Enquirer: 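Let me give you the structure first, and then I'll get to my questions.
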Amino acid sequence: MGARNRSGKRKSGGKKDRRPAQGQRTGSSFAGASFERSQVLGSGTQTTKINVQAYAAVPTALNSLPGLPREFTGREDEIAKILSMLDPGSGSGAAVGSVAGLPGVGKTTLAHAVGHAALDKGWFTGVQMVNLRGYDPTPVPPEDALEALLRALGVAAEHIPPTLDEREGLYRSQLDALAGEEQRVLILADNASTSDQVRSLLPARHHAVLVTSRHTLPGLGARLFNLHTLQPDAAVDLLHQRLEVADPDDRRVEDEPAAAEELAALCGYLPLALQIAAALLADDRDQPLSERVRMLTDAGTRLGGLDDGERNLRAVFDECLTRLSHQEADLYRLLGLHPGPDISTPAVAALTGQPADKITSLLRQLVRARLLIQNSQARDRWFMHDLLRVHAQEQARTTMDRDRVPRRRYEQARSRLTNHYIQHAQAADTHLRQPSDAVSTLFAGREQALAWFDAERENLLATTHTYARTWTALSLGFALGRYLEWRRRLQDLVTVRAHALEACQALGDALNLAGAWNNLGTALDGLKRYPEALAAHGTALGLFQPDNILGRAGASGNLGTTLRHLKRYPEALVAHQTALELFQQTDDISGQAGAWHNLGTALIDLKRYPEALAALQTSRELFQQIDDTNSQGVVLGSLGTVHRGLEQYAEAIVSGERAVAMLTQDEDWMRVGEAWAELATTLNASGAEPPQVREAWERSTAAYILAGDDEAAATSRAKAS
C-alpha cells in the first residue's frame with residue numbers, strides 16, 4: 001500500500017494530479033463491486049447480495065447555470081442570507097436551503113443569482129440545475145430527477161440503474177467521490193411542490209442543495225428563506241432596466257416617475273407582473289406609462305392587463321388553485337368576498353360559518369401554498385398579495401355567476417361577515433360613549449375596544465364603501481363616528497358619514513335621515529369646511545320632528561359651534577341658548593352639561609367673562625354628577641381661558657394644569673394638546689419664564705402628534721421655537 005500524506009489521503013506515487021478543470025467531463029470505466037443489503041422478514045433477517053457498478057474515475061459536475069437577466073435587481077439582502085448558509089466554513093454537513101414564495105416572485109432567478117455568486121467566491125466546482133416542474137400537471141418524479149443529475153455528473157445512460165433506490169445510491173456515491181477529490185457541487189432543485197420530490201436529491205455531506213418552491217416544504221429539514229416582493233425602488237428599477245434593454249433610448253420611466261411608481265404598485269411589486277408590463281410597454285413604444293396605469297387601475301381588468309401573449313398572470317394563479325383541496329379552494333374564493341386588506345380569524349369564521357379553530361388549519365394550508373400570508377406580529381390576522389386578492393375576487397364573482405346555489409351561499413357568507421363587523425363596531429362604540437351609558441360585554445373595556453377598532457379600521461372603511469347605500473353603510477356610519485373622531489381620522493369620518501346619509505336616502509329611512517345630516521355636519525366642521533357644515537346642520541334642524549327634542553337640541557348645539565367657527569358670535573350664542581333650553585326639557589344630564597359648556601364658550605367669544613364663568617361652573621358640576629372625567633377636563637380648560645380673560649392668572653394656571661392631568665389620564669391626546677396650548681397661552685400672559693412657556697408648547701406639540709393632527713402640531717411647534 002502506498003504511504004499517506006498529512007491529510008490522510010494516499011499519495012499519488014509522484015504522478016501528476018489528474019483532476020479535471022471546472023466544468024470538464026472525464027471519461028469513465030467501470031469495475032464490478034458487491035454490496036450486501038439486509039432486510040428483516042418476519043422473525044429472521046435475509047441478506048441479499050447486489051452487484052452494482054462503481055466508477056473508477058469520477059467526473060466533474062458541469063455548470064448548467066443560465067446567465068442572469070440584465071434587469072435583475074433588488075435582491076442583495078436575500079442573496080447574502082443564502083450565501084451565509086452555503087459558505088463552506090459554516091459547517092461540515094450538507095447545506096440545504098429552501099426558497100419559498102408566491103408565484104412570480106422571482107424564486108428561480110434568485111436561485112440563479114445565488115449560484116453565480118457562490119461560483120464567483122470559488123465555493124463550488126459547479127452548479128447543476130434540475131427543474132422538478134412541481135406545479136405542472138405531471139411533476140417530475142424523483143427517479144427522473146436523479147437520472148438527469150446522474151447524466152449531468154457524467155454517467156452514461158446505459159449505466160443508470162432502473163430503480164429509485166439504486167439511482168439514489170449511485171447519485172450519492174458520485175457526490176462522495178467528488179467530495180474525495182475536493183470538489184463541491186451546488187444542486188439547484190427548482191419548482192419543487194413536495195418534499196418527496198427533493199428528498200432523494202439531498203447529499204449526505206459536503207455538497208449543497210438549494211430548493212425553490214411555492215411551499216415551505218418543512219419536511220426537508222432545510223433552512224427556510226421566504227422571498228417577498230420587491231421594494232418599490234427596486235420594482236421601478238426593474239421596469240427601467242427592462243425597457244432600456246429593449247430600447248436604450250427609452251426614457252419613459254425618467255419622463256414619468258410618478259406613473260412609474262404607480263405602475264410598479266399596480267403590479268404589486270411582483271417581478272413577473274413587472275416583466276409582463278414592461279414587455280407590453282416595449283411592444284408599444286409610444287404608449288405613455290400613465291396610459292398603462294389607467295389600464296391597470298380597474299381591479300376588474302387588472303389581471304387581464306398582465307398578459308403579454310407568452311406569460312399570463314391570471315393563468316399562473318389559476319393553476320395554483322388546481323393544487324388545492326376542494327375546501328382550500330373554496331376558502332380562497334370566499335376570502336375574495338372580503339373587501340378589506342386583511343382579515344382576522346374571527347372574521348373568517350363569520351365568513352365561512354365555521355368555528356375559528358377548524359378554519360385555522362385551512363388558513364395555514366393556504367399560507368403553505370403561498371396564497372395567503374399570516375401576519376407575523378398579529379398571528380390571528382391574514383392577508384393576500386394585492387394581485388392574488390384581485391384573483392380571489394374574480395374567482396368569487398365567477399363562482400357566483402355560474403349558478404344559483406353558490407350565489408346564495410356566497411350571499412349568506414357576505415351577510416354573516418357584514419353582521420360580524422356591524423355587531424362588533426356597535427359593541428366597541430359603547431365603550432366610547434358617556435360613562436353613564438351601558439357598555440357591551442363583547443369587549444373588556446375602552447382599551448380593548450379601541451384596539452379592535454384600530455386593527456379593523458381599514459376593513460370597516462372598505463366595507464362601508466363596498467356596501468354604500470345599504471343598511472351596512474348606514475349602521476357602520478353611525479357606529480364609527482366616535483372612534484374616528486377620537487383618532488382624528490377626520491377625512492375618513494366625513495366619508496363614512498356621507499355613506500350613511502346616502503344609505504338613508506336610498507333606503508327611504510326618514511327616521512335616521514336628520515341624524516345622518518347632523519353627523520355629516522359635525523364631520524365637515526372638524527375639517528373646517530364650515531359653510532358645508534352650516535348647511536348640513538340647518539338641514540338636520542329642519543328635518544327633526546317637533547317632538548324629537550333631543551335631536552333638535554343636538555342640532556342646535558352643533559349649529560352654534562359652526563357659527564362660532566365662522567365668527568358669527570351673536571348667532572352662535574342664540575343657537576346655544578336654544579340648545580340649552582331644549583336639553584333642560586329632558587332628563588339628559590350629559591346633554592345639559594354639554595349645552596352649558598357650549599354656552600360658556602360662546603360667552604367667552606363675546607368677552608362676557610363673568611357670565612361665561614357661571615355657565616362653565618354649572619357645566620362642570622353636572623359632569624361631576626355623571627362622573628364624566630373627560631368632559632370635566634375639557635370644561636377645566638375652558639375655565640382656564642375665562643380666568644385668563646379676567647386676569648386671574650393663578651386660577652387660570654390651576655385650571656389649566658388640572659385639565660391637562662384629567663385629559664392625559666384618559667389619553668385623549670387631541671384635547672391634551674388643546675389643554676397644553678391653552679396653558680401655554682396663560683403662562684405667557686401671566687409673565688412666566690420663557691422656558692416654562694416653551695415646555696408647555698412642546699408638550700402640546702407632542703400630544704397633537706400622538707393624536708395624529710399634524711397641522712395643530714406644526715402650529716404648537718412654531719410657537720415653541
Side-chain angles (χ1 to χ4, degrees), residues 340 342-347 349-350 356 378 380-381 417-464 472-490 492-493 495-497 499-500 512 515-516 518-519 522-523 526 550 554 588-594 597 622-635 659 661-675 703 706-709:
D342 73 339
I343 190 168
S344 68
T345 305
D380 69 334
R381 303 197 71 83
L417 179 65
T418 55
N419 287 339
H420 167 84
Y421 282 136
I422 291 169
Q423 179 188 15
H424 283 73
Q426 290 174 340
D429 179 56
T430 64
H431 291 271
L432 305 184
R433 294 173 181 267
Q434 302 296 336
S436 58
D437 293 344
V439 296
S440 168
T441 57
L442 268 179
F443 297 97
R446 190 183 66 180
E447 183 177 351
Q448 191 181 84
L450 282 171
W452 183 86
F453 268 134
D454 288 341
E456 300 292 356
R457 177 177 58 82
E458 291 190 44
N459 292 322
L460 295 170
L461 294 173
T463 301
T464 303
T472 295
L474 176 60
S475 301
L476 289 177
F478 277 88
L480 282 168
R482 290 177 183 81
Y483 163 71
L484 292 173
E485 184 177 6
W486 184 275
R487 290 299 194 218
R488 306 306 293 171
R489 307 289 305 192
L490 300 182
D492 291 338
L493 180 61
T495 299
V496 300
R497 295 304 203 194
H499 281 313
N512 287 304
N518 192 38
N519 289 341
T522 303
L550 282 175
D588 186 345
I589 303 300
S590 177
Q592 293 174 29
H597 176 256
L622 290 172
F623 278 129
Q624 285 175 330
Q625 287 182 28
I626 58 175
D627 197 28
D628 187 342
T629 57
N630 182 271
S631 295
Q632 288 178 57
V634 174
V635 174
M662 274 191 170
L663 294 167
T664 300
Q665 183 178 355
D666 278 350
E667 297 184 354
D668 187 349
W669 301 119
M670 181 64 189
R671 291 188 172 91
V672 170
E674 293 172 345
L706 287 173
D709 193 328

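Everything quoted here is computed from the prediction, not taken from an experiment.
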Enquirer: With heavy-atom distances below 4.5 Å as the criterion, would you say the side chains of Leu480 and Phe453 are in contact?
Expert: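 With C-beta onward as the side chain, the pair touches.
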
Enquirer: Less than 4.5 Å apart, side chain to side chain, heavy atoms only: is that true for Asp454 and Tyr483?
Expert: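 Asp454 reaches Tyr483 side chain to side chain.
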
Enquirer: Could you tell me how the ring of Trp452 sits relative to the ring of His420: parallel (under 30°), tilted (30 to 60°) or perpendicular (over 60°)?
Expert: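 If you compare the ring of Trp452 with that of His420, the planes turn out perpendicular.
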
Enquirer: Compare every heavy atom of Leu432 with every heavy atom of Arg446, then report the nearest pair and how far apart it is.
Expert: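 Looking at all heavy atoms of both residues, the shortest contact is CG-CD2, 3.5 Å.
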
Enquirer: Quick one: pull up CD in Gln625 and OG in Ser590 and give me the separation to the nearest 0.5 Å.
Expert: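 Gln625 CD to Ser590 OG: 11.5 Å, rounded to 0.5 Å.
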
Enquirer: Does atom CD of Gln624 have more than 12 heavy-atom neighbours from other groups under 6.0 Å away?
Expert: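 Enclosed.
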
Enquirer: Other residues, nucleotides and ligands only: do more than 12 of their heavy atoms fall within 6.0 Å of CD on Gln665?
Expert: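 No, not enclosed.
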
Enquirer: Examine distances only and state if a side-chain atom of Asn459 and a backbone atom of Asp342 form a donor-acceptor pair shorter than 3.5 Å.
Expert: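 Confirmed, Asn459 side chain pairs with Asp342 backbone.
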
Enquirer: Quick check for you: to the nearest 0.5 Å, what is the distance between Leu461 atom CG and Leu493 atom CG?
Expert: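 Reported value, rounded in 0.5 Å steps: 10.0 Å.
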
Enquirer: Between Val672 and Ala703, what is the shortest heavy-atom contact and its length?
Expert: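 Nearest heavy atoms, Val672 then Ala703: CG1-CB, 3.7 Å.
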
Enquirer: Under 4.5 Å between any side-chain heavy atoms of Asn630 and Leu663, yes or no?
Expert: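 Of all side-chain heavy-atom pairs linking Leu663 with Asn630, at least one is under 4.5 Å.
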
Enquirer: When rounded to the nearest 0.5 angstrom, what distance separates CG in Asp429 from CZ in Phe478?
Expert: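 Going from CG on Asp429 over to CZ on Phe478, the span is 11.5 Å.
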
Enquirer: Considering all heavy atoms of both residues, which atom of Ser440 and which atom of His431 are nearest to each other, and what is their separation?
Expert: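 Looking at all heavy atoms of both residues, the closest pair is O-NE2, 2.9 Å.
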
Enquirer: Whether the side chain of Thr664 engages the backbone of Ala661 through a donor-acceptor N/O pair (distance < 3.5 Å, no angle test) should be reported.
Expert: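 Not confirmed, Thr664 side chain does not pair with Ala661 backbone.
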
Enquirer: Restricting to side chain to side chain contact (heavy atoms under 4.5 Å, CB included), what partner residues turn up for Ala451, sequence neighbours left out?
Expert: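 Expected list: none.
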
Enquirer: Would you say Leu442 and Gln423 make side-chain contact, with heavy atoms under 4.5 Å?
Expert: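 Result yes, sub-4.5 Å side-chain heavy-atom pair found.
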
Enquirer: Once you round to the nearest 0.5 Å, how far does NE2 of His499 lie from CG of Leu474?
Expert: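 Separation between the atoms: 12.5 Å.
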
Enquirer: Can you tell if the side chain of Glu667 reaches within under 4.5 Å of the side chain of Leu706, non-hydrogen atoms only?
Expert: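 In short, these two side chains do not touch, never coming nearer than 4.5 Å.
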
Enquirer: Does the side chain of Val496 come within less than 4.5 Å of Leu476's, by heavy atoms?
Expert: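 The answer is no; the side chains never approach within 4.5 Å.
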
Enquirer: Check Ala593 against Leu622 and note the closest heavy-atom contact, atom names and distance.
Expert: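 What the structure gives for the nearest pair is CB-CB, 3.6 Å.
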
Enquirer: Which pair of non-hydrogen atoms, one from His597 and one from Val635, has the smallest distance, and what is that distance?
Expert: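 Scanning both residues completely, I find the closest heavy atoms to be CD2-CG2, 3.7 Å.
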
Enquirer: Can you give me the closest heavy-atom contact between Arg497 and Ala523, atom names plus distance?
Expert: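 For Arg497 versus Ala523, the nearest heavy atoms are CG-CB, 3.9 Å.
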
Enquirer: Would you please test Arg487 and Leu450 for side chain to side chain contact (heavy atoms under 4.5 Å, CB included) and show each step?
Expert: CA-CA 9 Å; Arg487 290 299 194 218; Leu450 282 171; 3.9 Å; yes

Enquirer: From Gln448 CD over to Phe443 CZ, what is the distance, rounded to the nearest 0.5 angstrom?
Expert: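 Here the interatomic distance stands at 6.5 Å.
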
Enquirer: With Gln426, which residues qualify under side chain to side chain contact (heavy atoms under 4.5 Å, CB included), at least two apart?
Expert: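 Here the qualifying residues are Ile422, Ser475, Ala479.
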
Enquirer: Any Lys/Arg nitrogen of Arg457 or Asp492 sitting under 4.0 Å from an Asp/Glu carboxylate oxygen of the other?
Expert: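 The answer is yes: the pair qualifies as a salt bridge.
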
